[in-house]
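Step one of this worksheet: look at the structure below.
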Protein chains: 2
Amino acid sequence: MLSASEPNPMDALIRKLGSIATFSAEERQAIERLPVNVRMLHPRQDIVRDGSKPSQCCLLLSGWACRYKLLRDGRRQILSFHIPGDIPDLQSLQIPTMDHSVATLTEAKVAFISHESLRGLTECFPGIGEVLTRCVLLDAATFREWMVGMGRRDAFEAIAHLLCELYLKLQAVGLAENYRFSLPFTQTDLGDALGLSYVHVNRVLQEMRGKSLITLRCHILEITGWDELLRIAEFDATYLHLEQRAAG
Amino acid sequence: MLSASEPNPMDALIRKLGSIATFSAEERQAIERLPVNVRMLHPRQDIVRDGSKPSQCCLLLSGWACRYKLLRDGRRQILSFHIPGDIPDLQSLQIPTMDHSVATLTEAKVAFISHESLRGLTECFPGIGEVLTRCVLLDAATFREWMVGMGRRDAFEAIAHLLCELYLKLQAVGLAENYRFSLPFTQTDLGDALGLSYVHVNRVLQEMRGKSLITLRCHILEITGWDELLRIAEFDATYLHLEQRAAG
DNA sequence: CGGCATGTTGAATCTAATCAATCCACGTGG
DNA sequence: CCACGTGGATTGATTAGATTCAACATGCCG
């Protein structure tokens, strides 16, 4: 048995899955025993390329990653941000060809898990298969919310909404508290996620600071006006479908 | 056995599933025998409401439907369009609470199928479960493509892309050919799907007509410049993940 | 120290939204 | 048959939100 002081690399995944479903000690052990291939990756390194047919999935253990698509002239749309515990290309298990790319945003530790062993796991433990299906459906719920942001919210509302979302997602896996978290990527990345130019993102962030809604220094964001930000963003956490639990 | 002249209501579903996967005669029969509750619905009628916890799924048999979210002040974002064979709220099987609404756009025939019987079906036929999972993942792929449209394509490109997508989806289930199809909803709906105002949608459609890329009369769209439209939209059908087949 | 990436700010420009009419097809009722 | 009402499409004028271009500041790293 692993000692508490030497955390299993799968802890990030366990924590993530625990935030959206409950599962047994047996299932937990099976996850911990999955054969993985752990690697450190540089910032802004592609993990999976658009058009490829991966034979493994990537589980993010530390750092940030994103999914994105490029247009020919270089315009980029970031489709999602990913934090430890996420498996950004989980859908490749069911849909062989990637229709987008996955890349790191920061230095990141990634565990590669073969499709084969993931299939073995879900066959032995259908409950885990259901939780993983839940994961990809929750990604889709976030896509839907981002669509509302890009299509029908103005820049201020959209950024406010994204900041609330990121905080709650980080908090759910124990990576944020007290309305503070690390936002270690650039305003260009934020713009590419929201369909805005980096200049405009910058101005809106200034405006939020001016209204004392946030502070942002050295890539540490603090939401100082949480309730107000929720109100402006019309934020409703239903779409995150987080497991309600009594405590911690 | 059903005669050819009296089509089973599930034919729409069979055709849709056949466009994205292959399955056996046995599986096909099981689908045809699903107990359903068929109803005709008026145009612009809600089928499932945001926030509800449905105990059944709705299979669209004829007509058009959409998923959408509303902001408090009435701004609407359409998240997807649905055509016969689609099950817009399929994810409610795994995620109990709806984070958006589903509504008809036209008069529509809808088959309601209880979660219970769907679960029974996927337990007996795991292959069907996989195809259904594939369905919701394909929806997510379309969400991603729409995000690119809203965030990084201009209005002309985005509309061009949507028209190409709708044609191919209709064609895949035999509801369109020769670059012609019925587009029986309003320009306001198109705008709400693309994050544009209806006035602007109108102008762009004019421009497309001016360039002889499309004709649009009485809600019948003909794409007269398919290749050019594909080029402008930078359309790549990979994200539709349609099953490649020799013929028919 | 110099170079580079990121963040900040201003000015000009542009895309698309908004506001406001008007038009047209269609259905209804007198 | 025609007046009327309605929903959708179209067009023009104006405005707003966001982009683009450009410059400069800051901070980090070799």
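Order of the sequence lines fixes the chain letters, A, B, ..., with proteins taken first and strands second; residue numbering starts at 1 for each chain.
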query = For the pair made of CG in N202(A) and C1' in dT8(C), what is the distance, rounded to whole Å?
reply = 5 Å
query = Checking ring-ring contact (aromatic ring centres under 6.0 Å, His included) against H161(B), which of Y167(B), Y239(B), W146(B) comes through?
reply = Y239(B)
key: Sugar-phosphate only, base, or nothing, as touched by R209(A) at under 4.0 Å among non-hydrogen atoms   = sugar-phosphate
Protein-to-nucleotide contact annotation, 5' to 3' order, nucleotides 14-24 of chain C [B base; S sugar-phosphate only; - none; under 4.0 Å, heavy atom] = --SSBB-----
Anything under 3.5 Å between a donor and an acceptor, one on a side chain of residues 197-205 of chain B, the other on a protein residue two or more places apart or in another chain? List them.
from	atom 1	to	atom 2	distance (Å)
S197(B)	OG	H200(B)	N	3.2
N202(B)	ND2	Q187(B)	OE1	2.8

ask   = So is K211(A) actually on top of F156(A)'s ring, under 6.0 Å and inside 45° of the axis?
value = yes
request  = Mark yes when over 12 heavy atoms from residues, nucleotides or ligands other than R209(A) sit less than 6.0 Å from its CZ; otherwise mark no.
outcome  = yes
ask   = Of all residues at least two apart in sequence or in a different chain, which pass the salt bridge (charged side-chain N to carboxylate O under 4.0 Å, His left out) check with D227(B)?
value = none
ask   = Do the charged groups of K69(B) and E234(A) touch, with an N to O distance under 4.0 Å?
value = no
request  = Output yes when a side-chain donor or acceptor of N178(A) lies under 3.5 Å from a complementary backbone atom of R180(A), and no otherwise.
outcome  = no
request  = Work out how much the helix from dC1(C)-dG30(D) to dG30(C)-dC1(D) bends between its end axes, five pairs an end, to the nearest 10 degrees.
outcome  = 30°
key: Nearest-angstrom distance from the residue atom CD of E207(A) to P of dT9(C)   = 13 Å
ask   = Is R67(A) salt-bridged to D89(A), cutoff N-O under 4.0 Å?
value = no
ask   = Reckon Q206(A) has a side-chain N or O less than 4.0 Å from the OP1 or OP2 of dT8(C)?
value = yes
request  = With a 4.0 angstrom cut-off to heavy atoms of chain B, pull out the first and last contacting nucleotide of DNA chain D, in 5'-to-3' order.
outcome  = dG8(D) to dA13(D)
request  = Just jot down the salt bridge (charged side-chain N to carboxylate O under 4.0 Å, His left out) partners of R44(A), sequence neighbours excluded, or say none.
outcome  = D189(A)
task = Would you mind telling me which of D154(B), L196(B), L229(B) makes a side-chain contact (heavy atoms from CB on, under 4.5 Å) with I159(B)?
result = L196(B)
